[in-house]
Amino acid sequence: MPYPFHEIEPKWQTYWDDHKTFRTEDYSGKPKVFILDMYPYPSGAGLHVGHPEGYTATDILCRYKRMKGFNVLHPIGWDAFGLPAERFAMQTNIHPRITTERNINTFRRQIKMLGLSYDWDREVDTTDPDYYKWTQWIFLKIYNSWYDYRVNKARPVDELVKEFEAVGCSKIDCSLYCGDDHCCFTADGWKQMNRIEQHNVLKNFRLCYIAEIPVNWCEGLGTVLANEEVAEWTEKGYTVERRPMKQWMMRITAYAERLLEDGKELDWPASTVEQQTNWIGRSEGAEIDFPVSGTDAKIRVFTTRPDTVFGATYMVLAPEHPLVETLTTAEQRKAVDDYRNQAKLKSELERGIETDKTGVFTGGYAVNPATKQNIPIWIADYVLMGYGTGAIMAVPGHDERDWEFARKFSLPIVEVVAGGNVQEAAFSNNENGVAVNSSNDEVSLNGLSVADAKKKIIEWLSEKGIGKGKVQFKLRDWLFSRQRYWGEPIPIIHLEDGTLKALSENELPLRLPDLQKFQPSGTTESPLALATDWVNIVDKETGLKGRRETNTMPQWAGSCWYYLRYLDPKNDNEIFSKEKEKYWMPVDLYVGGSEHAVLHLMYARFWHKVLYDLGYVSTKEPFMKLRHQGIILGENSKKMSKSLGNVVNPDDVVKEYGADALRMFEMFMGPLEEMKPWSTRGVEGVFRFLNRVWRLYVDDAGNLDPDIKDVPPSADVERVYHATVKKVGDDIERLSFNTAIAQMMIFVNEVMKSETKPRQVLEPFIKVLSPFAPHIAEELWQKMGHTVTLAYESWPSFDPAKLEETTVEVVLQVNGKVRSKISVAKDTSEHDLETLTLADENVRRHIDGKKIAKKIVVKNKLVNIVVK
RNA sequence: GCCAAAGUGGCGGAAUUGGUAGACGCGCUGGACUCAAAAUCCAGUCCGGCUUACACCGGGUGAGGGUUCGAGUCCCUCCUUUGGUACCA
């Protein structure tokens, strides 16, 4: 008969619930630790076996830390806005609120079934108006802030207005905001502007703004997607097209440098930090203006190799570049128009697949500012409008792409860095090269290293006002709006005079209106556009008619700050109390899937930094230590999927083997971070172990085994016990749960072998087991005669002296090969070891008649005799 | 193509600092208990050779090379797998 997990698991879950065993006190005298799980999206399919993996790992750590005397914050909640619920609503007209609630209830039941020690009084739900009120509040904070590059932080727009009133924009580098410096104004100039004019100046500064840009429109989903999201949905078979649309953007680019810099200090998986680094894509170089021949226009390019400017023999603009229109000559008009139309039809993806270079000549020429020569201007789709300035100076001698293009269209190739053969291939990997053919009347780079040449040419360009050093990022601003119903409404009103008006804080939450139908509006607007009563309003302050923003926030919004709401989840007056934030933050350990490496984890860091700048949080970074749990594959080592029929349902596993067995198996499978296949046999293995544990303590009648007595343990049992306490503790700290479980198995095997059942080791062993298998542990603890939960019992200590064996096995090697093993007293001297080795029969066989060249003796470990 | 991580028995994996490779579990083989089965318990299990047996010998951590008394662990080259990225100027 297997042990009665069916009875004891619900029993203890009820006990923990009734006693609020895991409720966390703020400001207890104990040291704090904040251990966070990535909260789930409560899908209709229920929990899958991937969820318990990360959740059990953190649960074990939390239960261990409680026993070690820590005040542990370990909350859970629901990332419940999202597309699946809305798509279901489109098909059924059942309100997503209803399906969401149903799914949350399922998830909550399943999570409780696993015995996870969350503080359920801190549960959050992103779709709850009491929660999204604060998501909207943060949106307003971001909207009402601007990034002050002088002090490198976000500041309230109010302060900017005060500065404008005092000194105009004289102290601000406007080019960082509106992109040109012709609009500058004095204090008087500011005061003379009307409301609309002032509004239009400020919108260039806000961290949140509306822009008309080419976005990723997904017809199938009826919404736009952020660049970061495109891959996910195209993989699922949706098509995404580029389309210019007015969308809300967040100026995450202002934080590029800090996201990069602060990321270096985090205890995160290196690959995750690197993914973010790559996504941010910092490169140093220069912006250079190339005058267009015969006009006043200039083409601005970004290059990382300003030192090669003398080798720029032509220019290339992206087909969408605004100057193409004016540059194109009559003869080239048709070819250019054809090419541009072709390029428009091609998606980014198609552009990427084609490696063959294409392009057409515009007929226009620019002047290379270094050589003063006329160089032709082409358009080609290998230049992307979205990066840099959408235009390049082409240096075919030292850039592979330019070289290919020049070859194909017979454009001149000039060597400006010596060391390669530019007629045969671009010499681009030339950081050790020396500049040549690079001089004019004013400046010469010849003979300089690449690094020095860069420095010198940037100086010259700056002096002449034709260029300057520049750091360019691949990161773009975050496309923040979605054409959906089931998301947080954006608390903004579009007034009839064309201005935007943000709601004030006391108007929050701006609730979603109830809809009867959830189909797309038929235009590119969200279904909210059809809720006319909700959408159309009259602004009380100005009397102007207005229309509410019909876009909603992306799913990431709620998860950008949920960890903060856990600190003070019921606070109606403020987002969270500052004192509580100071006490609990930062998150000490965050565990979740690596699929969020650049999305959630970067957006959350961004919001956190804005809140930090504005003084609402006290740490620069939210998540100090991050670990990813690996994906669990199906039994056939393939990704779990319905179509392959290899999906494992945690409900079934718990029904058959119990939650403790499921938890233990998921931890025993292998290292937390690795991908690993499911194995039903493996579950049975740990289930067998739990049954052995049960039989160790409980007799056939279900009572505490009378053989458990106050008898001294054997030397072996005692040693293994102390080793187990040490190893399990150490392994939990290292999140190395598989080896901790192996050690517990060794302990149980050892006690089973022994004649006696000494209470003095068996009782504390229950505590060691309890983080992993809390239900069976509580039950055994009770059978031992205890009346309250063991959750706050202190973790057993071990005696280092007891760990040490009095005799050790020493390996005897000849030429590095093991020839014999001897058992000697611990700390036998090196001299004695050597003597013993040379006397060993088997060693002698291998050294007799040979010359001993060297003897290596490592105390308590080995002796190696080297012979020739 | 580029970047990163990883390759260990029949399988999942262990070896934390360069020092006994294969802990622990699964599976398999044999045995005990049983009318029988399940469950449980005991023994064995990297591959090969030799042996009645104890033992002993050879090989072995993706491949090849190197450093070292000694390498799964460090270095070089290559192969494979997984993840990320893809004309980013």
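Here is the naming used below: chain letters follow the sequence lines, and residue numbers restart at 1 for every chain.
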A:H628 side chain reached by A:E595 side chain, heavy atoms, under 4.5 Å: no
Look at the side-chain N and O atoms of [X] and state whether any lies under 4.0 Å from the OP1 or OP2 oxygen of [N].
X: A:K854; N: B:rC69; value: yes
X: A:R819; N: B:rU20; value: no
X: A:R695; N: B:rA39; value: no
X: A:N815; N: B:rG70; value: no
X: A:K817; N: B:rG59; value: yes
X: A:N738; N: B:rA14; value: yes
X: A:H846; N: B:rC57; value: yes
X: A:S283; N: B:rA89; value: yes
X: A:N864; N: B:rU20; value: no
X: A:R688; N: B:rG27; value: yes

Watson-Crick or G-U wobble partner of [N], both distances under 3.5 Å:
N: B:rU29; result: B:rA43
N: B:rU52; result: none
N: B:rU68; result: none
N: B:rA14; result: none
N: B:rU82; result: B:rA4

For [Y], is there any backbone N or O sitting under 3.5 Å from a side-chain donor or acceptor partner on [X]?
X: A:K454; Y: A:G285; result: no
X: A:D402; Y: A:V395; result: yes
X: A:R819; Y: A:Q813; result: no
X: A:Q743; Y: A:K727; result: no
X: A:D716; Y: A:E750; result: no

Nearest to the side chain of [X], which nucleotide is it out of [options]?
X: A:Q813; options: B:rC26, B:rA4, B:rG19; answer: B:rG19
X: A:K727; options: B:rC57, B:rA23, B:rU16; answer: B:rU16
X: A:V858; options: B:rC26, B:rG19, B:rU16; answer: B:rG19
X: A:M745; options: B:rG25, B:rG19, B:rA4; answer: B:rG25
X: A:M675; options: B:rG58, B:rU82, B:rC87; answer: B:rU82
X: A:L384; options: B:rA23, B:rG59, B:rC87; answer: B:rC87
X: A:P671; options: B:rA14, B:rG12, B:rG19; answer: B:rA14
X: A:I746; options: B:rC24, B:rA4, B:rU16; answer: B:rC24
X: A:T304; options: B:rA89, B:rU40, B:rC87; answer: B:rA89
X: A:V866; options: B:rA89, B:rU40, B:rC69; answer: B:rC69

Tell me the interatomic distance from [X], atom [atom1], to [N], atom [atom2], rounded to whole angstroms.
X: A:F405; N: B:rA89; atom1: CZ; atom2: P; value: 18 Å
X: A:E673; N: B:rA4; atom1: CD; atom2: C1'; value: 14 Å
X: A:M385; N: B:rC87; atom1: CE; atom2: P; value: 16 Å
X: A:L690; N: B:rG25; atom1: CG; atom2: P; value: 13 Å
X: A:N278; N: B:rA86; atom1: CG; atom2: C1'; value: 11 Å
X: A:R282; N: B:rA89; atom1: CZ; atom2: P; value: 12 Å
X: A:I741; N: B:rA14; atom1: CD1; atom2: P; value: 12 Å
X: A:F473; N: B:rA89; atom1: CZ; atom2: P; value: 12 Å

Six-ring centre of A:W279, A:R476 cation under 6.0 angstrom, axis tolerance 45°: no
Using a 4.0 Å heavy-atom cut-off, does [X] contact any base of the nucleic acid, only the sugar-phosphate backbone, or nothing at all?
X: A:D402; answer: nothing
X: A:K861; answer: sugar-phosphate
X: A:G685; answer: sugar-phosphate
X: A:D730; answer: nothing

Distance between P atoms of B:rG27 and B:rG22 (Å, rounded): 22 Å
Distance-only donor-acceptor test (3.5 Å): side chain A:E809, base B:rU20: yes
Base B:rC69 to side chain A:K855, donor-acceptor N/O within 3.5 Å cut-off: no
Donor-acceptor side-chain pairing of A:R845 and A:N842 below 3.5 angstrom: yes
Candidate pair A:S283 and A:Y387, rule side chain to side chain contact (heavy atoms under 4.5 Å, CB included), full reasoning: CA-CA 11 Å; A:S283 48; A:Y387 182 76; 3.0 Å; yes
Of A:I392 and A:V811, the one whose closest RNA chain B nucleotide lies more 5': A:V811
